[in-house]
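Everything below concerns the one structure shown next.
What you see is a predicted model; the values in this text were computed from it and never measured.
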Amino acid sequence: MDRQEWAWRQAAESAAGGGPVPLETVCAAGTAAIGADGFGTTLVSAPGIRQLACASDRVGVLLEEAQLTCGQGPCTDAYTGLVAVLVDDLDAGAGRWPGFASSVAGLGIRAVFAFPLQVTGIRVGAIDFYRRRTGALTADEMRDAQAFAAVAAGVAFRSHPTPTAPAAASGAEPPHGFPPAVHQAAGMLAAQLDVDVAEALVRLRAYAFLHDRPLTELARQVLERRLMLEDGHEPESER
């Protein structure tokens, strides 16, 4: 039995009810197999659309949100380069992604191992496994992580409502898109501030970074009219 088949069986055994194996179950099984503490998985579903697919916990969510806000980090590089990005000591590697490193500094993450999710060269997304301790993956853990990433990519691709859409997404310029809510909030801000949508998106990301706020949650507050930004990125009101 090859490792990918073994990974699939491990995930299938973890799935409840014997139905289709959810992406989250595959990622959780991979996390356990390599001795990680959690994961976050981001999918790029179409040009300009990137969003969190699943995460093990709040830390996994914030790990992905930090990369979305900053446009940099292990997951982003794994997606762009279609290669594994292994960071066995996040503090030592902080200079590579200074914005990302400062955003996750308080989360207790010490190591991150990011793998691209791809199907026959088509970028689907990327998964981050994180640990609360430093240290590299062993050779066996590396092979297991790659196997689970391959299974996760297949599950994500097969469940995509329009499987041809990811093929049109480019890996050239991080952060490779944003969730629909962020695009909608940028459009609303553009009208409020009388700026173009690109400028509104920059202001929204800057506010999220400067105030250490998850970008997607911030966008929802804008859409719900609980947060309005004035010129200079300062909030006009927040309820």
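Ser102 places a side-chain N or O within 3.5 Å of a backbone atom of Gly99 that can act as its donor or acceptor partner. No donor-acceptor pair closer than 3.5 Å links the side chain of Thr134 to the backbone N or O of Asp88.
Hydrophobic clustering places Leu23 together with Trp8 (ILVMFWY residues linked when any side-chain heavy atoms are closer than 4.5 Å, directly or through intermediates). When hydrophobic clusters are built by joining Ile, Leu, Val, Met, Phe, Trp and Tyr residues whose side-chain heavy atoms come closer than 4.5 Å, directly or via intermediates, Val85 is grouped together with Leu107. Tracing side-chain contacts under 4.5 Å through hydrophobic residues (I, L, V, M, F, W, Y), one reaches Phe115 starting from Leu117; they form part of the same cluster. Follow the hydrophobic side-chain contacts under 4.5 Å out from Val26 and you reach Ile34 in the same cluster. Connection of Leu63 to Leu68 is not established within any shared hydrophobic cluster, with ILVMFWY side chains joined at heavy-atom distances below 4.5 Å, either directly or through further cluster members.
Side-chain contact between Leu43 and Arg50 is absent, with no heavy-atom pair separated by less than 4.5 Å. In this structure the side chain of Leu90 reaches within 4.5 angstrom of the side chain of Phe100, judged on heavy atoms. The side-chain heavy atoms of Met188 and Leu223, taken from C-beta on, include a pair separated by under 4.5 Å. At least one side-chain heavy atom of Val151 sits under 4.5 Å from a side-chain heavy atom of Gln4. With contacts defined as side-chain heavy-atom distances shorter than 4.5 Å, the pair Glu64/Asp128 qualifies. Counting heavy atoms from C-beta outward, Leu137 and Met142 have side chains that approach closer than 4.5 Å. A 4.5 Å side-chain heavy-atom check between Thr25 and Val155 finds every atom pair outside the cut-off. At a threshold of 4.5 Å between non-hydrogen side-chain atoms, the residues Tyr79 and Val44 count as touching.
Taking CZ of Arg110 as the start and CG of Asp91 as the end, the distance is 5.0 Å to the nearest 0.5 Å. Between atom CD of residue Glu5 and atom CZ of residue Arg9 there is a gap of 4.5 Å, rounded to the nearest 0.5 Å.
Taking the charged nitrogens against the carboxylate oxygens, Glu224 and Arg220 have no contact shorter than 4.0 Å, which rules out a salt bridge.
The two residues Tyr130 and Ala36 come nearest to each other via the heavy atoms O-CB, 3.5 Å. The two residues Asp77 and Trp97 make their nearest non-hydrogen contact at OD2-NE1, 3.0 Å. The heavy-atom pair separating Ala156 from Val124 by the smallest distance is CB-CG1, 3.7 Å. In terms of heavy-atom proximity, Gln10 sits nearest to Phe148 at CB-CZ, 4.0 Å. When every heavy atom of Thr41 is checked against every heavy atom of Cys27, the shortest pair comes out as OG1-SG, 3.3 Å. Closest approach of Asp37 and Arg132 over heavy atoms only: OD2-N, 2.7 Å.
Remark: of the listed residues Leu86, Val87, Ile127, Leu86 is the sole one forming a side-chain contact (heavy atoms from CB on, under 4.5 Å) with Phe113. Each of Cys75, Cys70, Pro74 was evaluated against Gln72; a single residue qualifies, Cys70, per the side-chain contact (heavy atoms from CB on, under 4.5 Å) test.
Stacking of Arg213 on the aromatic ring of Tyr207 is not recorded, the 6.0 Å distance cut-off and the 45° axial limit not both being met.
Among residues two or more places apart in sequence or in another chain, the side chain to side chain donor-acceptor pair (under 3.5 Å) test is passed with Asp144 by Arg3. Considering only residues two or more places apart in sequence or on other chains, Arg131 meets the salt bridge (Lys or Arg N to Asp or Glu O under 4.0 Å) condition with Glu141.
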